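The next block holds one structure in the form of structure tokens; read it before the comments.
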Amino acid sequence: MASIGKIARRTFLFGAVAVAGGAAFGAWYVSRPLANPLRPGAGETAMNAFVVIGEDGVTLVAPRAEMGQGVQTTWAALLAEELDVAWEDVRVIHGPPATAYYNTVLGKEAVAGSGYDTSALAHNFGELVGKAGRFFDLQVTGGSTSMKDGYERLRITGAATREALKQVAARRLGIAVPQLTTENGQVIAADGRALPYAALAAAAGGIETPEIVLRPRSEWKYLGTSLPRIDMVAKCTGTAEFAIDVRLEGMRFAAVRRAPHRGGMHDFDSRAAERMPGVEKIVDLGDGIAVIATNTWLAQRAADAVEIRWQGASGYPSTTEAMFEAMAEAFDGEVDSTLRDDGQTDTVNGYLEVSAEYRVPFVAHAPMEPMTAAALIDAEGLKIWAGSQAPLFAARACAEAAGVSDDRVQFTTTYMGGAFGRRGELDFAVIATRIARAVPGTPVQVTWSREEDMTHDFYRPGAIARLRGGIAGGKAVMFDAQVSAPSVTRQVMRRWMGTAPSRPDGIIVEGLADQPYRIPNYRVRGYAADIQPPLGYWRSVGHSHNGFFHESFIDEMANAAGADPLDFRMRLTREEWEPAYGVLEAVREMSDWDGARPEGTGRGVALCYSYGTPVAVVLEVADREGRVALTRAWVAADPGVALDPRNIEAQLTGGLAFGLSAAIGEEITFARGIVQQRNFPDYEPLRITAMPEVSVRLLERQARIGGIGEVAVPPAAPALANALFDLTGERLRTLPLRHRVDFVT
Amino acid sequence: MAHTLTVNGTSHQVDLPAEVPLLWVLRDALNLTGTKYGCGVAACGACTVQIGGEAVRSCQVALADVWDEVTTIEGLGTPEALHRLQQAWIDHQVAQCGYCQSGQIMQAAALLAQVPSPTDAEIDDAMAGNLCRCGTYPRIRAAIRAAAQTQEG
Ligand code: FES
Ligand code: FES
């Protein structure tokens with residue numbers, strides 16, 4: 001069986017090594033064929049960068065991070081659909097970091113631009129990678145791009161592989177290609193003779209395949225149906241290997257403690273810690289220390305016992321209040337972006353004007369598996385095991401930290417115990433590398449304590465919105481949004497590529513300028529507060545706050561207009577974009593919006609368009625003796641093509657939960673530059689007791705395939721705030737809502 | 001000093017200080033990595049195992065204090081011989097990232113052992129200490145209900 005250890009051995013990360021058929025099957029390439037990173041073992045053939053055929057079966061490479069979204073199952077299905085291999089028999093691996101696996105959507109869409117669908121995230125990538133010539137380094141799982149990215153590319157790869165195998169079979173059997181069919185990993189002739197793919201693969205390299213015609217949907221076997229996830233059994237039996245679970249011969253376990261204010265370290269005294277049981281080594285990290293021990297807990301305890309004098313400033317304002325002041329001041333400074341400016345927005349002649357200010361706090365990713373990675377430095381170079389959303393960037397950064405050349409890094413991407421954007425950062429893999437460097441020849445597993453994870457995150461920034469709306473004839477006729485936040489993009493790009501994009505940062509206002517509402521006078525401006533607290537991409541990024549701003553405010557406008565909030569939205573979308581109208585219509589019916597409402601309940605609706613997919617949510621809340629319970633939710637989404645309906649339902653439900661969790665309870669605050677929340681008791685995510693029952697409906701009316709992993713996050717908070725308004729008559733404009741509402745938890 | 005511990009029916013001699021939490025004995029000394037670390041302070045449930053059939057947070061039990069036989073997710077069932085709760089979890093495709101699910105399943109198994117057909121409120125109560133950052137809660141509820149029925153039937 002092709003395992004990552006075998007086929008990626010001595011892989012040249014960035015070298016140009018031709019492999020059987022590499023170029024011939026590269027039908028997806030943008031401007032040049034990329035080196036195939038797979039180095040198969042004896043008896044195996046790497047047909048291309050995604051398919052390895054060996055004596056014992058077919059291995060599909062799904063080089064996107066499996067962080068819970070089911071991407072590897074659906075990517076494998078996209079390959080299997082055209083390749084004609086039995087779903088039950090294929091093996092799926094993540095594969096090595098490699099340029100062949102770059103994210104075509106983040107790269108291409110960015111450069112080309114594509115109307116309704118161009119995300120600010122993609123735009124920023126495009127600008128930078130184009131400039132830096134690092135187009136192909138974007139092996140990034142994020143931006144809800146995986147299905148858009150893989151939808152055609154993988155089916156074409158599967159089909160091209162199949163056709164090449166048929167040509168070899170045709171020669172061997174002396175039969176014309178059209179007389180051959182394929183099924184269950186075999187080429188079959190009309191007379192019943194069958195040749196297994198394994199017998200043909202080695203001869204298939206370099207064969208020119210004819211034009212590929214992809215099968216119509218009516219012939220799909222796997223796509224469009226709900227497949228059992230390939231990782232499910234392992235994840236229900238404790239046998240799935242996360243980075244924290246990597247165990248190697250002679251392995252040691254390490255804990256870290258780094259400057260809580262993100263400044264520097266003056267000195268430390270580790271004499272007491274060194275004498276503690278199990279402790280083998282204290283490592284000076286410059287901005288903190290690591291303890292290597294025989295057990296993670298012994299390492300954690302000793303790390304806490306090291307006496308450290310910190311020094312230096314944080315490099316950002318020391319309190320949350322000061323940061324929000326900087327954001328408020330930024331409104332008076334230069335405009336960072338004006339993404340839309342239609343009609344007349346300065347004056348509101350004859351309109352009914354509504355205006356409001358909204359705020360969201362900083363929030364943490366807090367994936368259930370804290371940051372962790374395992375590393376080993378020996379004569380062969382660096383081996384690293386980490387759950388990374390950006391393995392090429394991470395592998396390079398680790399090579400540098402290890403002091404070895406890129407081609408001596410073997411990077412294994414493990415399952416991720418949640419990521420939500422956090423695992424796109426490089427720090428945890430680099431720190432593991434630096435610790436491993438202190439004990440050459442010994443593998444080290446580095447696990448951050450929850451406290452270390454929470455206080456050293458890269459947070460979704462706080463943001464302030466100033467919104468104005470105009471109403472005439474019961475309709476919205478003017479919308480003018482200004483949002484101020486510090487720039488996430490500039491920080492992440494600097495960490496990934498060593499260079500930051502020029503202005504503007506469209507992320508600050510993403511999800512405001514492109515909502516599918518027809519409003520004639522429309523302006524969206526962004527302001528970049530010039531502060532540098534540690535920031536990163538957080539599930540749905542700018543949409544996570546702008547969805548709340550926009551959809552709460554649309555509700556305010558509906559209320560001012562005296563309109564039903566769902567009617568109000570349906571009128572605005574009807575002429576603009578039918579799929580958006582469609583999801584609203586769906587939740588209207590699902591929730592029996594027009595039916596009788598139980599006493600003591602409230603309902604809110606929200607519609608958000610993000611990553612190419614419109615999502616509508618209706619949420620119901622109920623008064624429980626003065627406390628508020630979230631009782632039911634109805635979600636309708638239109639991703640164009642629902643490749644795996646049951647998995648999409650899981651993602652929409654999970655996204656909703658993630659958004660509700662932040663809306664209700666999550667908040668990161670700073671004092672003296674130090675994050676005040678250290679563990680779940682101070683940073684309480686949504687529990688089962690607060691989770692509503694959720695019904696999901698999928699529509700397929702829009703022409704293009706949209707994203708799924710993030711799209712239910714943005715409408716969660718506004719649907720809840722709007723439901724609370726319906727219940728209490730009070731409009732809540734600041735998150736988290738628990739400061740004002742006593743929720744059933 | 002060596003401590004004797006029975007995990008999943010197998011007796012182990014563990015040479016670690018008495019105060020090391022069971023979680024880290026399982027994970028780092030016995031290589032039973034199915035039991036997860038999430039918080040270390042009894043707030044997430046990722047480390048849930050059973051001691052003498054009772055669901056406990058293994059991050060809170062010192063090695064020297066383990067009072068009975070320990071069952072971890074690896075001992076509950078295996079891919080070849082699934083426990084009916086694991087089967088229900090697979091039937092309902094519960095896991096997303098999967099990191100919390102060992103703890104969820106161990107907690108649910110203890111619930112069903114005590115309350116064979118729990119009400120929805122009893123399910124929520126029993127599972128309230130187990131966080132899932134991926135939001136798989138509705139499917140957790142559905143899988144527990146389904147497993148309770150197969151148990152009855
Ligand atoms: S690790 Fe034990 S409850 Fe979180
Ligand atoms: S499945 Fe990811 S934390 Fe529960």
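Please read these numbers as outputs of a predicted model, since none were measured by experiment. The sequence lines fix the lettering, A, B, ..., with proteins before strands; numbering per chain opens at 1. Keep in mind that the numbers below use all heavy atoms, side chains included, and drop hydrogens, waters and symmetry copies.
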Quick one: what part of A:Thr689 sits under 4.5 Å from any heavy atom of chain B, side chain, backbone, both or neither? both
Taking every non-hydrogen pair under 4.5 Å, which of B:Ala95, B:Cys44, B:Gly34 racks up the most with chain A? B:Ala95
Going by the side-chain hydrogen bond (donor to acceptor under 3.5 Å, both in side chains) test, name the single residue among A:Thr294, A:Thr447, A:Thr296 that passes it with B:Asp28. A:Thr296
So which of A:Ala234, A:Gly654, A:Cys236 has the biggest tally of heavy-atom pairs under 4.5 Å with chain B? A:Cys236
Residue selection (most heavy-atom pairs with chain A, distance under 4.5 Å) from B:Ala43, B:Ala46, B:Cys39: B:Cys39
Between A:Arg687 and B:Ala128 (side chain of the first, backbone of the second, donor and acceptor by atom type, cut-off under 3.5 Å), is there such a pair? yes
Of all of B:Gly98, B:Cys100, B:Cys134, B:Pro21, which one pairs up most often with chain A through heavy atoms under 4.5 Å apart? B:Pro21
Between the side chains of B:Lys36 and A:Asp245, is the shortest nitrogen-to-carboxylate-oxygen separation below 4.0 Å, so that they form an ion pair? yes
Are any non-hydrogen side-chain atoms of A:Arg247 and B:Arg27 less than 4.5 angstrom apart? yes
Provide the closest heavy-atom pair for B:Leu131 versus A:Leu686 in the form atom of the first, atom of the second, distance. CD2-O, 3.9 Å
Per-residue contact mode, A:Gln300 against chain B (heavy atom under 4.5 angstrom): side chain
Beyond-backbone contact of B:Gln101 with A:Met368, side-chain heavy atoms, under 4.5 angstrom: no
I need the residue from B:Glu19, B:Gln104, B:Gln87 with the largest number of non-hydrogen atom pairs under 4.5 Å to chain A. B:Glu19
Indicate the atoms forming the closest heavy-atom contact of A:Ile244 with B:Tyr99, along with that distance. CD1-OH, 3.5 Å
Which heavy atom in A:Lys235 sits nearest to a heavy atom in B:Gln96, and how many Å separate them? NZ-O, 3.1 Å
For the residue pair A:Gly417 and B:Cys97, what are the closest heavy atoms and their distance? C-SG, 3.5 Å
